[in-house]
There are 2 protein chains.
Amino acid sequence: MNKATVTSEDVARAAKVSQSAVSRTFTPGASVSLETRQKVLKAASELGYRPNALARAMISGRSGLIALLVAYLDNHWYPVVLEKLSRRLQNEGYQILMFLTDPGNQDQVVRQILQYQVEGIVMASATLSSKLARECSKTGIPVVLFNRYVQSSPASSVTSDNIEGGRILAKFLVDGGHERIAFISGQENSSTNRDREAGFYKGLAECGVTAWGRAVGDNCVEGAERATHELFSGDERPDALFVANDHMAFTVMDVLKSAYSCRIPRDVSVVGYDDVPEATWHGYQLTTISQPTDAMVESTASILLEQIEQKEVKRRAAVLPVELVIRKSARLPKKKN
Amino acid sequence: MNKATVTSEDVARAAKVSQSAVSRTFTPGASVSLETRQKVLKAASELGYRPNALARAMISGRSGLIALLVAYLDNHWYPVVLEKLSRRLQNEGYQILMFLTDPGNQDQVVRQILQYQVEGIVMASATLSSKLARECSKTGIPVVLFNRYVQSSPASSVTSDNIEGGRILAKFLVDGGHERIAFISGQENSSTNRDREAGFYKGLAECGVTAWGRAVGDNCVEGAERATHELFSGDERPDALFVANDHMAFTVMDVLKSAYSCRIPRDVSVVGYDDVPEATWHGYQLTTISQPTDAMVESTASILLEQIEQKEVKRRAAVLPVELVIRKSARLPKKKN
DNA sequence: TTTTTCTTTGCATTCGTATGCAAAACTAAT
DNA sequence: ATTAGTTTTGCATACGAATGCAAAGAAAAA
């Protein structure tokens with residue numbers, strides 16, 4: 001029969017010291033003599049004592065918890081991000097409270113989170129209603145939007161330069177001599193998607209070209225399939241596609257090959273965005289825009305930690321540079337300029 | 001200037017009731033009159049009161065936290081699992097404390113977890129030292145190993161029938177008329193990998209066949225590449241490969257196509273295990289064993305919840321049936337039997 | 001040795017909520 | 001109107017650790 005929980009008082013009794021001494025032993029930088037510390041540690045390990053983080057959080061006001069909201073993990077860029085971000089924050093001594101949100105329940109989820117006294121919130125692939133963002137900022141809890149932003153919200157954000165990315169791709173496709181360039185969007189209401197599209201059109205315009213067509217892929221397999229059919233079922237077909245993210249691009253390529261017998265890039269060029277691991281796969285070799293994942297994670301972590309420590313939430317918006325990664329899914333520009 | 005935290009006492013004062021009344025209002029099933037409840041709710045919403053889950057956990061002994069340990073997310077089956085499991089547990093009112101473990105830091109991580117008074121632990125793609133498993137069970141915290149098991153440990157486990165899966169694949173390949181059948185393993189020390197391999201050899205033996213070769217892929221891209229080269233660099237080459245999981249199988253297929261100009265399945269058949277989403281992709285169409293992800297998640301959740309509620313940790317080991325999913329990466333058996 | 005300075009220690013209180021208990025309020029029954 | 005029965009309420013305490021404060025102890029300076 002084991003006593004369910006060993007408290008600091010139990011340890012204190014066993015070590016013949018006060019409860020404070022036990023607490024101090026486990027508080028870095030507190031004032032304890034070597035002697036008592038050792039007595040305490042001995043007793044603690046014998047009893048199997050583990051400080052109660054919840055109690056500590058209550059009194060110190062620091063829970064050590066950071067909430068991470070993710071909407072879905074289909075797009076494989078997110079697991080990569082999730083992994084890196086978690087590791088980074090864990091290394092800093094924080095624990096990750098993870099939430100998978102549905103489009104509908106986000107506000108409710110955030111309320112739950114707040115009950116757990118998290119010290120910060122990262123929202124990746126999830127949108128925070130601006131009402132709630134305000135609630136958060138009122139409580140002084142820093143919020144960082146990862147890979148999206150909301151103009152009106154006081155939340156900080158970290159994104160890559162989606163506008164520039166779109167622009168680069170537009171120029172790349174135009175330089176490749178394509179004449180009927182189409183776009184397949186992700187979720188139309190996401191800032192990321194909007195920026196990529198806007199940058200793309202901007203780039204096209206700079207080359208004196210207009211987009212040949214557009215379809216909505218909605219970030220899912222079915223949507224990407226539908227969008228592809230939409231663009232390819234007519235008499236005339238596009239000769240280049242910018243798909244708003246790699247995740248959909250793979251599906252699009254599959255449909256092109258299997259349903260329309262397209263050879264890529266001979267018949268049609270396809271470019272994506274994100275540079276997920278699968279982009280290097282033999283069957284795809286996707287030309288895409290590489291998001292600076294490490295830098296984005298690092299930026300997210302440092303903004304969040306800074307705001308947590310400074311107790312002052314000042315909105316910051318980091319926009320990190322992107323890079324074109326040329327593989328084989330799109331025709332190359334004729335000549336260098 | 002906003003008061004950082006609104007407490008139940010603040011609400012009580014505003015509503016002109018006692019703190020107990022406030023607490024009872026937010027405790028389902030407690031005894032409060034409609035009138036006071038409404039006064040309290042009104043005051044609470046005006047002040048923006050949110051019960052402090054940490055304080056509640058302290059007094060009630062129920063943190064509502066469940067720890068989820070994952071080692072890595074490269075293998076895309078895990079994000080899928082992660083998503084489903086999180087959703088399931090969230091629906092049950094629990095919060096997920098997520099940890100990404102490295103091979104070295106697992107014990108330390110688990111210690112941290114225990115400080116947060118989690119009510120249960122799920123270990124997916126991570127191994128718990130049996131010493132620590134014993135520590136957990138001593139504290140009465142239920143542990144469920146997901147997709148792995150440890151004989152000597154008191155932790156419950158949920159796996160699919162990896163032995164049977166290996167056996168099915170062996171028979172399938174033999175029936176397909178293959179003569180030089182090789183195996184590429186994942187991490188050799190994982191129970192999952194061991195079982196798949198053992199079942200595979202068993203299946204081969206039942207057909208009177210022995211494995212042609214074996215290499216270690218170690219669950220990573222580089223390892224899978226190395227293993228493929230190892231098996232294919234000699235004069236004689238295998239005509240069928242069982243790769244211990246889909247994640248490596250894609251890499252293997254890429255190497256086969258690009259470095260050895262193999263046509264799949266004409267020159268060599270490849271089968272995998274897991275049935276991750278990418279297995280359906282056009283360039284791969286991987287014949288594989290489908291793990292019953294939903295059932296495994298459900299089983300994990302229900303075992304865990306049951307043990308949490310019953311306060312009694314009785315080891316359970318669920319082994320769920322698998323299914324062969326035939327696509328196009330492997331030659332089909334000549335005739336049906 | 002005495003005084004000063006610095007370190008170590010324990011006491012008591014605090015964090016925010018839940019809950020047993022007894023008093024109070026209300027309802028129902030006589 | 002009185003009693004018995006049922007809710008509702010508030011008081012006080014508990015959960016487990018951190019910390020300000022003052023007392024005690026040790027070390028250093030005089």
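Numbered from 1 within each chain, the chains take letters A, B, ... in sequence-line order.
Atoms CG (Leu47(A)) and P (dG16(D)) sit 14 Å apart, rounded to a whole Å. Rounded to an integer number of Å, the gap from Arg13(B) CZ to dG10(D) P is 14 Å. When the P atom of dC15(D) is taken as reference, atom CG of Asp10(A) falls 11 Å away, rounded to whole Å. Computed from coordinates, the Tyr116(B) OH to dC15(D) C1' distance equals 18 Å when rounded to whole Å. The nearest whole Å value for the distance from the CG atom in Leu114(B) to the P atom in dG16(D) is 16 Å. For Lys16(A) and dG10(C), the NZ to P distance is 13 Å, given to the nearest whole Å. When the P atom of dT8(C) is taken as reference, atom CD of Gln38(A) falls 13 Å away, rounded to whole Å.
Looking at heavy atoms from C-beta onward, Leu97(B) lies in side-chain contact with Tyr116(B) at the 4.5 angstrom threshold. Side-chain contact between Thr7(A) and Val11(A) is absent, with no heavy-atom pair separated by less than 4.5 Å. Within the 4.5 Å cutoff, side-chain heavy atoms of Thr300(B) are placed close to those of Leu85(B). Counting heavy atoms from C-beta on, the side chains of Gln291(B) and Leu320(B) never come closer than 4.5 Å. Arg56(B) places a side-chain heavy atom less than 4.5 Å from the side chain of Ser60(B). Using a 4.5 Å cut-off on side-chain heavy atoms (C-beta onward), Ile121(A) and Met123(A) make contact. Between Pro79(A) and Glu83(A), the closest side-chain pair of non-hydrogen atoms is not below 4.5 Å.
Note on Ser31(B): a side-chain N or O is less than 4.0 Å away from OP1 or OP2 of dT8(D). One finds a side-chain N or O of Ser18(B) lying less than 4.0 angstrom from the OP1 or OP2 phosphate oxygen of dG10(D). Within the 4.0 Å cut-off from OP1 or OP2 of dT8(C), not a single side-chain nitrogen or oxygen of Thr36(A) is found.
Side-chain contact check for Tyr94(B) and Arg88(B): no donor-acceptor pair (N or O, by modelled atom type) lies under 3.5 Å.
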Once each nucleotide of nucleotides 14-21 of chain C is scored for protein heavy atoms under 4.0 Å, what B/S/- sequence comes out, 5' to 3'? BBBBBBBB
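Scored by the ring pair (Phe, Tyr, Trp, His ring centres under 6.0 Å) test, Tyr149(B) finds no partners at all (sequence neighbours excluded).
Annotation: the terminal axes of the helix from dT1(C)-dA30(D) to dT30(C)-dA1(D) meet at 40°, where each axis is the rotation carrying the C1' atoms of four end pairs onto the next four (5 pairs per end, rounded to 10°).
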